[in-house]
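Predicted, not measured: the structure shown is a model, and the values here were computed from it. Every chain is numbered from 1 and lettered A, B, ... according to where its sequence line falls, protein lines coming before strand lines.
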Protein chains: 2
Amino acid sequence: MPDTNIAEKTREKVLKAAKQLGYRPNLLARSLRMNKSNIIALAISYLENPFYAQVVKELSEQLRATDRHILLFTAPDDNQADPALAKVLNYQVDALVMSGTKASRELAISFKKLGVPIVQINRDSNYPGVSTVQGEDRDAGRIIGRHLLAGGHKRFGFVSGIADSSTSLFRLEGYREYLQSHGIDDVQIAYGNNTFEAAANAVRQLLGSKTPPDAIFCASDYMAFAALEVAKKEFGLKVPDDLSVVGFNDVPAASLSAHDLTTFSQPAATMVEKAIVLVDQLISGQKSRAQHLIVKGELIVRGSSRQAVS
Amino acid sequence: MPDTNIAEKTREKVLKAAKQLGYRPNLLARSLRMNKSNIIALAISYLENPFYAQVVKELSEQLRATDRHILLFTAPDDNQADPALAKVLNYQVDALVMSGTKASRELAISFKKLGVPIVQINRDSNYPGVSTVQGEDRDAGRIIGRHLLAGGHKRFGFVSGIADSSTSLFRLEGYREYLQSHGIDDVQIAYGNNTFEAAANAVRQLLGSKTPPDAIFCASDYMAFAALEVAKKEFGLKVPDDLSVVGFNDVPAASLSAHDLTTFSQPAATMVEKAIVLVDQLISGQKSRAQHLIVKGELIVRGSSRQAVS
DNA sequence: TAGCGTTATGAATACGTATTCAACAATCAA
DNA sequence: TTGATTGTTGAATACGTATTCATAACGCTA
């Protein structure tokens, strides 16, 4: 280990070089030489949804501690990350973190071949080399089902994200499962695709049906805001008297009295923290196989859902 | 120009190399050689404010058209971008775009020395080599002053961002100027520092005073949401009967009936578009001096402010 | 003075790309 | 056939860094 050497001379040099000559190490050259860029690619969708904005913020801030930075890729939605990511590998990034979107199997395999770990936040995956950090989707669905059933609701709706999004599917499964085991077989489903407008349309569809639900579980707070808007403004419904609305994520805005949204929490900061731990373990070779973590949350009951009468 | 050559052979090579060998050009090596990375640094604050999230999204998407990507730096607030940016220059980025934060004079000079253009979105600067894209801050302040005065208000408040933030200062100046020219000398100012909690405290301070304002102009929609929350929930005020609240940006959520916020629009997409034009002109040497652009907006009157009686 | 271990210093190499230059083959005109 | 022109190819170089290897300096002992 030839690195614990002279003190005075090195100090002199460092001082001279750094200050006097204004020396700036070229990080690109270093990366080229070291085969390590200290750059993490982040592929993300739905930045207008505060949950994902939080993910960006947290990842950037937490990564700063180790002098790493984010190369940002935005994807249109869950299934269209690949085109944006076509050239990620060319940047020699140390890892790829994805949130609100996912990699195709082919892309996952390309990454695996090159030894670049992929960690997905808030999406499932069983592709080789893809690790995940998820919330308690299925359990949360059950808990929300229980909460709504206990509130005396009769007809249940669900506003999903993109149809094949794992998070939406798991949440729906838990929801359905609980209701089914209590004699409710019918859950009306509409697709909000994680955008405000599509979610508003989905709610219009649900509430405009012959037997509109009196309880709607939305797969994200962001879509739940659209639900509240449409229900109150367009259908003149009182929340929670005529309709209960439940969201997911516990985004800060959910606690505003203007929304007062019942929701299931999913702490972005914690999820990002775990994702970074995974990235580090996978880069260092400490773990070689893909890991799958769950971050716990809890039901936050607020005014948008009718309470159980006891 | 020796680039329009053989067709068959090149095709063969490309096909062989690209597909068969899985060749991936190393963008870092290319950048090193070309002295051009196709990477734009983005320094941004307040990602929890949807306006800035929009900026990130727009910049990323618009940059994709030219195959450039964002290296992301998040700063705690207006005045603390420098530490985060300490090593930007080492990445050989082609330009630095800043929004919601600004560079120090020293940093600006470092960038100028190295020929790396800086473009600030939504912040002013007269530092050498720093271009800006701003909204109509001063005019907007005047227009909001006129709107509120016409609404019959008597006591005027202002919730500012960080004290020395140029946008807040300009907006306040226009606001004050209009009111002053109509005989109102007193504007009560409190500092919300662009965070929700600080804005809530600022509003508590304003509304808790002996002569609380009946009109509050907040320097951002995000802070205006805090104002609405505090006014309604903690002070039991009716908006706009007891208090009018006006924001700035016309963030999508402002149009929700839950907020129904009167505001002055500032289109993020357009601002980003102009910023990219500036970046391109400055990189190509088409323009050498710093440029300063204004993007127009308009007053969007909604239910959070009392209307003029005619 | 030669020999030894420690430590500093200098030169060389490689990372993967783009550019440049020289060499070479092929085509065509004289 | 020769010369000129054009097109094609290969080798060399440079970008800025980290590593490696060899050399040189130093203090000490035999």
For [X], what residues pass the side chain to side chain contact (heavy atoms under 4.5 Å, CB included) criterion, not counting sequence neighbours?
X: A95(B); value: I40(B), P117(B), V279(B), I283(B)
X: A41(B); value: F73(B), V88(B), V93(B), L96(B)
X: K296(A); value: E136(A)
X: N193(B); value: I162(B), Y191(B), A198(B)

Do any side-chain atoms of residues 124-131 of chain A form donor-acceptor pairs under 3.5 angstrom with protein atoms, and if so which ones, sequence neighbours left out?
from: S125(A); atom 1: OG; to: Y127(A); atom 2: N; distance (Å): 3.2
from: S131(A); atom 1: OG; to: Q291(A); atom 2: N; distance (Å): 2.9

Under-3.5 Å N/O pairs linking protein and nucleotides 14-16 of chain C:
none

- Note on the structure: By salt bridge (charged side-chain N to carboxylate O under 4.0 Å, His left out), D164(A) pairs with (sequence neighbours left out) none
- Message: With each end axis built from five pairs of C1' atoms, what bend angle do you get for the helix from dT1(C)-dA30(D) to dA30(C)-dT1(D)? Round to 10°.
- Response: 80°
- The side chain to side chain donor-acceptor pair (under 3.5 Å) partners of R24(B) (sequence neighbours excluded) come to N90(A)
